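Contents: one structure, followed by commentary.
Given the structure is predicted, the values throughout are model-derived calculations rather than measurements. Worth knowing before you read on, the calculation uses all heavy atoms, side chains too, and leaves out hydrogens, waters and symmetry mates. Naming convention: chains lettered A, B, ... in sequence-line order (proteins, then strands); numbering from 1 in each chain.
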2 protein chains.
Amino acid sequence: MKAEFDTIVKTLLTLIEKKKYTSIKDILVTLQAADVALIFDELQEESLPILFRLLPKEQAAETFVEMDENAQELLIRSFSDSELKAVLDEMYVDDAVDLVEEMPANVVKRILRQADAETRKQINEILKYPEDSAGSIMTTEYVSLRPKMTIAEAIKRIRRVGVDKETINNCYVTNDGRVLLGQITIQDIILAGEDELVSDVMDENIIFATTVEDREIVAQNFTKYGLLTMPVVDEENRLVGIVTSDDVMDVIKEEATEDIEIMGAITPVDKPYLKTGVFETFKSRIPWLLLLMISATFTGIIITHFEDALAAQMALSAFIPMLMDTGGNSGSQASVTIIRGISLGEIEFRDMPIVIWKEIRVAFFCSVVLGLANFAKIMLFDRLIMGNSDITFTVAAVICLTLVFTVCIAKLVGCTLPMLAKKVGFDPAVMASPFITTIVDAISLFIYFRFATLILGL
Amino acid sequence: MKAEFDTIVKTLLTLIEKKKYTSIKDILVTLQAADVALIFDELQEESLPILFRLLPKEQAAETFVEMDENAQELLIRSFSDSELKAVLDEMYVDDAVDLVEEMPANVVKRILRQADAETRKQINEILKYPEDSAGSIMTTEYVSLRPKMTIAEAIKRIRRVGVDKETINNCYVTNDGRVLLGQITIQDIILAGEDELVSDVMDENIIFATTVEDREIVAQNFTKYGLLTMPVVDEENRLVGIVTSDDVMDVIKEEATEDIEIMGAITPVDKPYLKTGVFETFKSRIPWLLLLMISATFTGIIITHFEDALAAQMALSAFIPMLMDTGGNSGSQASVTIIRGISLGEIEFRDMPIVIWKEIRVAFFCSVVLGLANFAKIMLFDRLIMGNSDITFTVAAVICLTLVFTVCIAKLVGCTLPMLAKKVGFDPAVMASPFITTIVDAISLFIYFRFATLILGL
């Protein structure tokens with residue numbers, strides 16, 4: 001697929017050089033819009049407007065929607081007013097909203113001037129919903145039917161209005177006040193008798209979202225109930241739009257990416273890595289690095305505090321990284337699992353006692369195995385093979401006891417912090433590896449030196 | 001929603017105690033199958049079969065599909081043969097396959113005996129495809145049309161066979177040898193004239209998958225091209241099934257969860273956290289903890305090697321955790337971004353030079369800011385406020401120089417290892433925080449002590 005794609009790009013580049021536009025057109029029309037967009041994204045700026053004008057109207061609009069924002073802006077600036085209007089007319093309203101959200105103010109003005117009055121109204125309607133809400137990802141293009149229509153009348157209406165709609169898989173039944181009454185699938189319509197009433201065939205038991213509902217919840221319900229579309233209603237239960245499955249897939253992907261980035265101590269950037277500038281990437285990373293670096297001061301203070309003990313038994317220092325890393329890894333295993341569970345709606349705050357009880361048992365088994373393995377490794381490798389006589393049985397015991405306690409505390413910190421964060425309204429993903437590691441580092445060193453001073457009498 | 005749900009469960013529990021089955025039935029039939037399944041999962045084992053039998057046939061099958069595997073097994077064991085057959089008859093083939101994959105062997109035998117011959121053949125067909133392939137997530141229930149049919153004939157065929165199919169949004173056009181020729185949406189069919197030919201209306205330019213294609217690639221193409229269903233063909237281009245959007249959403253979620261777990265040094269478990277046993281959770285975590293613990297031996301060896309230098313200047317030890325953590329965080333920021341980019345198909349091996357060049361620049365800016373901030377912090381806090389006279393200008397310089405080098409190397413290691421892993425066929429997600437941290441720890445300590453011995457002459 002990829003190799004084939006590269007060949008097409010190469011062929012096109014040669015044809016562009018030779019200005020063989022008819023052949024170029026013949027190739028382009030056989031391709032999917034998403035692929036044409038990928039090709040256009042790789043082209044030289046000057047040839048873009050010429051090539052774009054080769055596309056038939058519908059393919060042009062579909063391609064335009066898939067292109068990256070820089071190319072879109074470039075194209076809009078090269079469009080005549082009537083060309084811009086033609087593209088806008090072919091676009092779905094939710095795609096037009098995405099465009100408006102990404103373009104600079106002067107381009108937005110031009111777009112809104114060229115959109116027809118109805119589209120402009122719908123764009124402004126969607127723009128007013130909060131980011132990440134159901135309202136912001138819905139489209140206002142759907143087929144609505146009335147309960148008293150016959151199936152034959154419904155089919156007639158779908159034939160008349162359906163061509164402009166993003167989907168006709170589910171049609172929605174509303175009363176005169178636009179209040180949502182039920183839904184009817186195209187399957188129901190095809191299979192029902194012509195004279196049956198819409199109200200007799202429709203399903204009144206519908207899963208819907210309100211305009212302000214979090215898009216993550218919308219995605220969760222969408223997958224839970226296996227939907228193809230979900231209606232969105234306002235406070236008065238009036239149908240204002242529908243969410244389609246392609247938008248939900250984007251939400252699922254974006255939310256996962258956001259979680260992964262936050263868990264990696266990065267401020268989420270909305271753009272793919274290769275399209276993000278160096279300075280933007282820098283900005284998304286440096287605050288966290290600074291914050292976490294400054295937090296490590298506590299760990300430094302603990303070491304300074306026990307400097308004399310450490311100087312008296314230098315062998316202890318060699319095990320600091322192992323203890324810190326194992327503690328950090330144990331804690332982040334627990335936090336990662338809990339954070340993902342919260343994101344998928346599988347774990348809630350009220351599950352806290354179950355989670356803690358489970359983590360205690362897992363931590364117990366893990367710490368015993370790690371402690372024993374480490375004891376064996378120290379006595380065999382460090383003492384016997386490396387011949388380090390400083391490492392006595394007691395020193396090994398201090399290290400392994402620390403390990404056992406650190407792993408247990410790390411697992412507890414790792415599983416509780418994400419849930420507490422969620423409870424107080426923070427993003428649980430913040431409580432992943434980097435933060436847990438910083439906290440567990442300080443705890444593990446404190447335990448280490450406490451055991452060392454007590455047991456070894458330093 | 002959640003609160004409402006809890007109320008319903010409570011009401012049902014009271015009704016079950018009072019054995020008011022008619023009222024229970026009246027409540028259950030108003031609920032969505034996914035919700036009924038959630039309720040059933042929370043019920044006592046003994047009441048489950050009784051309640052299940054209250055459901056109408058179709059709702060019963062839909063609920064059964066959504067229940068967890070323990071409850072499913074319990075129910076199957078309580079079913080008579082004819083009850084089992086009734087549930088199986090109502091299930092879609094892909095759901096039946098999931099069931100067969102999860103049940104123990106003796107239950108599977110009973111299921112296959114009760115399924116009708118055609119279903120059994122289809123189940124076995126799907127079972128033979130490798131895990132995580134397009135074939136393993138497809139369903140064999142779709143509507144196929146012939147090119148020479150008129151639209152009126154096509155509608156007649158959909159009316160006749162469509163009721164059993166998971167979706168009729170896209171119908172597929174095949175020749176007598178089942179070779180895929182094109183697709184036609186239900187929208188096209190509704191909007192076309194009755195006498196037009198299917199071959200004139202159908203779209204021949206289709207995105208499809210082969211049976212053995214990776215399900216992650218299927219999901220990527222599904223979202224890239226905004227599909228509702230995707231046809232799956234065998235090596236001879238014969239249509240064997242379709243992938244539907246609900247399955248793709250599950251794939252997207254599961255793949256993200258898998259990545260997140262591997263990135264957290266956990267062997268992926270296919271079950272939700274709260275349904276996974278303590279021992280299973282232990283088993284998924286302990287190998288990684290052991291491996292990473294043993295790897296930290298290298299870091300220990302480095303410290304032991306430079307023990308004399310460290311003893312001569314004990315103040316250096318207080319900064320070991322900060323250097324290790326900042327290095328680890330810098331590296332994992334880069335690796336997390338690259339791993340996610342690879343998973344989403346945004347970054348490929350051939351992008352390596354671009355990625356490295358970008359990370360070098362980001363690392364440069366990050367390390368300069370971190371180095372300066374750290375220098376200021378050491379001179380102001382550690383030296384002036386804490387009055388630690390060991391920390392001279394030169395010591396501060398050693399620490400900050402180490403920081404600059406560590407951050408740069410960490411970013412390079414973090415961005416290259418996932419791509420190299422992918423290239424040699426490993427899962428790039430393994431190269432996340434825990435591994436990068438272990439590697440960067442050793443590197444940062446080596447740099448630290450090298451600078452210390454060179455500059456401070458220890």
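- With hydrogens and angles disregarded, a donor-acceptor distance shorter than 3.5 Å links the side chain of B/K358 to the backbone of A/Y273.
- Side-chain N or O atoms of A/Q220 include one that pairs as donor or acceptor with a backbone N or O of A/S343 at under 3.5 Å.
- Chain A forms more heavy-atom pairs under 4.5 Å with one residue of B/R361, B/Q32, B/E307 than with any other, namely B/Q32.
- Heavy atoms of A/M322 lying under 4.5 Å from chain B belong to its backbone as well as its side chain.
- Your options are A/L274, A/T257, A/T337, A/V336, and the one with the most heavy-atom pairs under 4.5 Å with chain B is A/T257.
- Judged by distance alone, the side chains of B/T229 and B/N170 do bring a donor and an acceptor atom under 3.5 Å apart.
- Looking at A/D382, neither its backbone nor its side chain comes within 4.5 Å of chain B, counting heavy atoms on both sides.
- Looking at B/L228, the atoms closer than 4.5 Å to chain A (heavy atoms on both sides) all sit in the side chain, from C-beta outward.
- Checking side-chain atoms of B/N374 against main-chain N and O of B/G371 turns up no donor-acceptor pair under 3.5 Å.
- With salt bridges taken as basic N to acidic carboxylate O contacts below 4.0 Å, none links B/R340 and B/E346.
- In this structure, the portion of A/L445 lying under 4.5 Å from any heavy atom of chain B is its side chain and not its backbone.
- Heavy-atom pairs under 4.5 Å with chain A peak, among B/I286, B/D246, B/L289, at B/L289.
- Residue A/D441 touches chain B through its side chain alone, counting heavy-atom pairs closer than 4.5 Å.
- Among B/E66, B/M249, B/E204, the residue with the largest count of heavy-atom pairs under 4.5 Å with chain A is B/M249.
- Contacts of B/I217 with chain A are absent, with no heavy-atom separation under 4.5 Å from either backbone or side chain.
- If you measure heavy-atom distances from B/V269 to chain A, you find no contacts under 4.5 Å at all.
- Proximity to chain A involves both the backbone and the side chain of B/S317, based on heavy atoms less than 4.5 angstrom apart.
- With a threshold of 4.5 angstrom between heavy atoms, B/M314 approaches chain A through its backbone and through its side chain.
- For A/V407, no part lies near chain B; criterion is any non-hydrogen pair under 4.5 Å.
- Within the 4.5 angstrom heavy-atom criterion, only side-chain atoms of A/F381, from C-beta onward, approach chain B.
- No other option in B/G226, B/A192, B/A334, B/S332 has as many heavy-atom pairs under 4.5 Å with chain A as B/A334.
- For chain B, the option among A/P321, A/A256, A/P434, A/A296 with the highest count of heavy-atom pairs below 4.5 Å is A/P321.
- Of the two parts of A/I354, only the side chain, counted from C-beta on, holds a non-hydrogen atom closer than 4.5 Å to a non-hydrogen atom of chain B.
- Between B/E359 and A/R285 there is a salt bridge, since at least one side-chain N of the basic residue sits less than 4.0 Å from a carboxylate O of the acidic one.
- Residue contact with chain A, scored on non-hydrogen atoms closer than 4.5 Å, involves the side chain of B/I338 exclusively.
- With a threshold of 4.5 angstrom between heavy atoms, B/K283 does not approach chain A through any atom at all.
- Contact annotation for B/E255: neither backbone nor side-chain heavy atoms come within less than 4.5 Å of a heavy atom of chain A.
- Side-chain contact check for A/T244 and A/D247: at least one donor-acceptor pair (N or O, by modelled atom type) lies under 3.5 Å.
- Looking at B/V369 and A/F282, their side chains come closer than 4.5 Å, going by heavy atoms from C-beta outward.
- Counting heavy-atom pairs closer than 4.5 Å to chain B, the top-ranked of the candidates A/T437, A/I347, A/L403 is A/I347.
- Heavy-atom distances place both the backbone and the side chain of B/K253 under 4.5 Å from chain A.
- Comparing B/I189, B/D250, B/I155, B/L310 by heavy-atom pairs within less than 4.5 Å of chain A, the highest count is held by B/L310.
- Residue A/F319: no heavy atom, backbone or side chain, is found under 4.5 Å from chain B.
- Checking A/D35 against B/Y225 by side-chain atom types alone, a donor-acceptor pair falls below 3.5 Å.
- Per-residue counts of heavy-atom pairs under 4.5 Å with chain A were compared for B/T223, B/T281, B/L370; the largest is that of B/L370.
- In summary, B/K271 and B/E280 engage in a salt bridge, as defined by a charged side-chain N under 4.0 Å from a carboxylate O.
- Interface check for chain B: of the options A/L292, A/N329, A/L344, A/L227, the most heavy-atom pairs under 4.5 Å are formed by A/N329.
- In this structure, no portion of B/L323 lies under 4.5 Å from any heavy atom of chain A.
- Of the residues considered (A/I260, A/T304, A/T326, A/T299), A/I260 shows the highest number of contacts with chain B, using heavy-atom pairs under 4.5 Å.
- Neither the backbone nor the side chain of A/K156 comes within less than 4.5 Å of any heavy atom in chain B.
- Minimum heavy-atom separation, B/A442 to B/I302: O-CD1, 3.4 Å.
- When heavy atoms are compared at a cutoff of 4.5 Å, A/D325 approaches chain B solely by way of its side chain, counted from C-beta outward.
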